[in-house]
Amino acid sequence: MTKATIATSPIEGQKPGTSGLRKKCRVFMGDHYLENFVQAMFDGIGGVAGKTLVVGGDGRFHNDVATQTILAMAAANGAARVIVGQNALLSTPAASHLIRLNKTDGGVILSASHNPGGEDEDFGIKFNMSNGGPAPEAITNAMFERTKVIDAYHIWQGDPVDLSTIGTSALGDMQVDVVDPVAAYVDLMQSLFDFPAIAKMIKGGFRIRFDSMCAITGPYARAILEDTLGAAKDTVAHATPLPDFGGMHPDPNPTWAHELMDEMMGADAPDFGCASDGDGDRNMIVGPNCYVSPSDSLAVIAANAHLAPGYKDGLKGVARSMPTSAAVDRVAEALGLDCYETPTGWKFFGNLMDDGRVSLCGEESFGTGSDHVREKDGVWAVLMWLNIMAATGKSVPELMEGHWARFGRNYYSRHDFEAIESEKADVLMTALRGSLDGLTGQNYGPLTVEKSDDYAYLDPVDGSTSAQQGVRVVFEGGSRFVVRLSGTGTSGATLRLYLEKVETKALNLEPQAALAEVIAAAHSIIGIEGFTGRTAPDVIT
Ligand code: VG1
Ligand code: CO
């Protein structure tokens, strides 16, 4: 084993987006690419000498090889200790928990989340800070700046570390602890939720289907639902993490989790259906014939979280990303809770949680979580729903109907237009921003524009600002749409159009029908067809 310093030249980097750096796997596999970025990451946090890091990923293609590279580089950069999941596996929330539990200096998570995996698909890497949450913009900017000037990286050259056996070993002077990726996480869930009540409900015949989509949550969901709570042995579907996710697109929405949707909409549907994404931080909740939109799920959890032992004293406050519907705001108002609005991406919630302002956060993109970690958490959301159902004895449709009757309903949908030429998407956004001044008072069908802006955020905790976080157009009466470009795609641009309409009377309409006027107004204001040639979205959630 020798420690080497390898001369290299700057990589064609990219500003790490909402959740780290995502690119095609083959880019990461290219000569020195991953090494350069990892060195830039380490440099960007001020070096790793003497530090302890958590390392693991969602098991996608290249996860194992990349983990070995990171270990060898951490050792050569002087890290004291690395805690790594057995077989290099860790879900994103479990990694966040291990960072916090062991009071480490941070961690490296390997995942492209909900993007497909495989040699020809996506790979990703991100750094989480000592609070367990994604690195803030100041740090990711520093990493990006380093990628432009990097000229050398440090690495141990020698045999790979055995990651298949739990235990402690060494790599140079660095201690390597291979840990069970699931155990500590199960303990955490057990401390938050009423496992006996959920187990009793399951024993009484309550049936669950959890679709892990051949991604990371299989081992977690099995350990908790089947081995601990007594659910049937085939409760978790697609439970083995595979390098290519078995060809599935592990994005838990009605389009990609269509097997689960078919089952839940079918004649013999289980009582509860759920799915999670590649790295286990997202969730979708479905009842028999009843899809729960993520914005509604957040609102239902806000209204009922006190039923779970870990939240019995009530919530400190709640937060949602700006494009997420205001359903949770209504709950917050009724319960007298502070409610914060932040830009898209979990990192903005971290400051609010660290400052004790909020304990529940959520995004419309199938992300929900609390201050138990500093990431969204798919399995957590599932257990929260099960706890609420066990405590109330109500089904998913009953909970939804009761919720809307009490708080009103925010009809909501997101339309994604994928793989648009980046240039065309940029021209569209520039034109839209330029048109905002003249919009107020204009009529679109029955809707009149009340106000519009390009959302900017001032972090109330650290005073940092984030501009251009999405154009929003609000109509009189409270309907609105939001437009922004995705920061997590790897080919072309994805335009996201978020649509919302508030309704207190007609509570059981089909969402696309309820939103028809907002959809029409959005298309005529944005001119999506004119700029991109697209008339219909690729994915509707
Ligand atoms: C998307 C979602 C956003 C989420 C992000 C990371 O970002 O819209 O809400 O925080 O993915 O989620 P974008 O920029 O593509 O809209 V995950 O599960 O991919 O870490
Ligand atoms: Co994810």
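Read the numbers this way: they start at 1 and go in the same order the structure lists the ligands and their atoms. All heavy atoms count here, side chains included; hydrogens, waters and symmetry mates do not.
Donor-acceptor pairing under 3.5 Å is lacking for the side chains of Tyr457 and Thr465. Between His372 and Asp377, the side chains place a donor N or O and an acceptor N or O closer than 3.5 Å (distance only, hydrogens not considered).
At a 4.0 Å heavy-atom cut-off, ligand 1 does not touch Lys126 at all. For Ser365, every heavy-atom contact with ligand 1 shorter than 4.0 Å involves the side chain, none the backbone. When non-hydrogen atoms are compared, ligand 1 lies under 4.0 Å from the side chain of Asp277 (C-beta onward) but not from its backbone.
Put simply, OG on Ser325 and CD on Glu364 are 9.5 Å apart, with the number rounded to the nearest 0.5 Å.
A salt bridge does not link Arg60 with Asp122: every distance from a Lys NZ or Arg NE/NH1/NH2 to an Asp or Glu carboxylate oxygen is 4.0 Å or more. Remark: Asp120 does not engage Lys24 in a salt bridge, criterion side-chain N to carboxylate O under 4.0 Å.
Looking at heavy atoms from C-beta onward, Val396 lies in side-chain contact with Val292 at the 4.5 angstrom threshold. Annotation: side chain of Tyr455 is not in contact with side chain of Pro323 (no heavy-atom distance under 4.5 Å). For the pair Asn410/Arg330, a side-chain contact is recorded, criterion being any heavy-atom separation below 4.5 Å from C-beta on.
For ligand 1, the atoms sitting less than 4.0 Å from at least one non-hydrogen atom of Arg496 are 8 (O), 13 (P), 15 (O), 16 (O), numbered in the order shown with element in parentheses. Below 4.0 Å from some heavy atom of Ser113 lie the following atoms of ligand 1, by number and element: 17 (V), 18 (O), 19 (O), 20 (O). Heavy-atom contacts of Arg22 reach the following atoms of ligand 1: 17 (V), 19 (O), 20 (O) (cutoff under 4.0 Å). For ligand 1, the atoms sitting less than 4.0 Å from at least one non-hydrogen atom of Gly345 are 10 (O), numbered in the order shown with element in parentheses.
Between Phe61 and Phe123, the ring center distance fails the sub-6.0 Å criterion. Proximity of the aromatic rings of His97 and Tyr185 is defined here by a centroid distance below 6.0 angstrom, and this criterion is not met.
Within the 4.0 Å heavy-atom shell around ligand 1 one does not find Ser321.
Summary: OD1 is the N/O/S atom of Asp279 found nearest to the Co ion (ligand 2). Atom OD1 is the N, O or S atom of Asp281 at the shortest distance from the Co ion (ligand 2). Of all N/O/S atoms in Asp277, OD2 sits nearest the Co ion (ligand 2).
With a cut-off of 2.8 Å, the Co ion (ligand 2) has an N, O or S atom of Ser113 in range.
Residue Thr344 has no N or O atom closer than 3.5 Å to an N or O atom of ligand 1. For the pair Arg484 and ligand 1, the shortest N or O to N or O distance falls below 3.5 Å.
Comparing heavy-atom distances from atom 10 (O) of ligand 1 across Arg414, Glu364, Glu375, Glu363 singles out Glu363 as nearest. The nearest non-hydrogen atom to atom 5 (C) of ligand 1, considering only Lys347, Arg282, His114, comes from Arg282.
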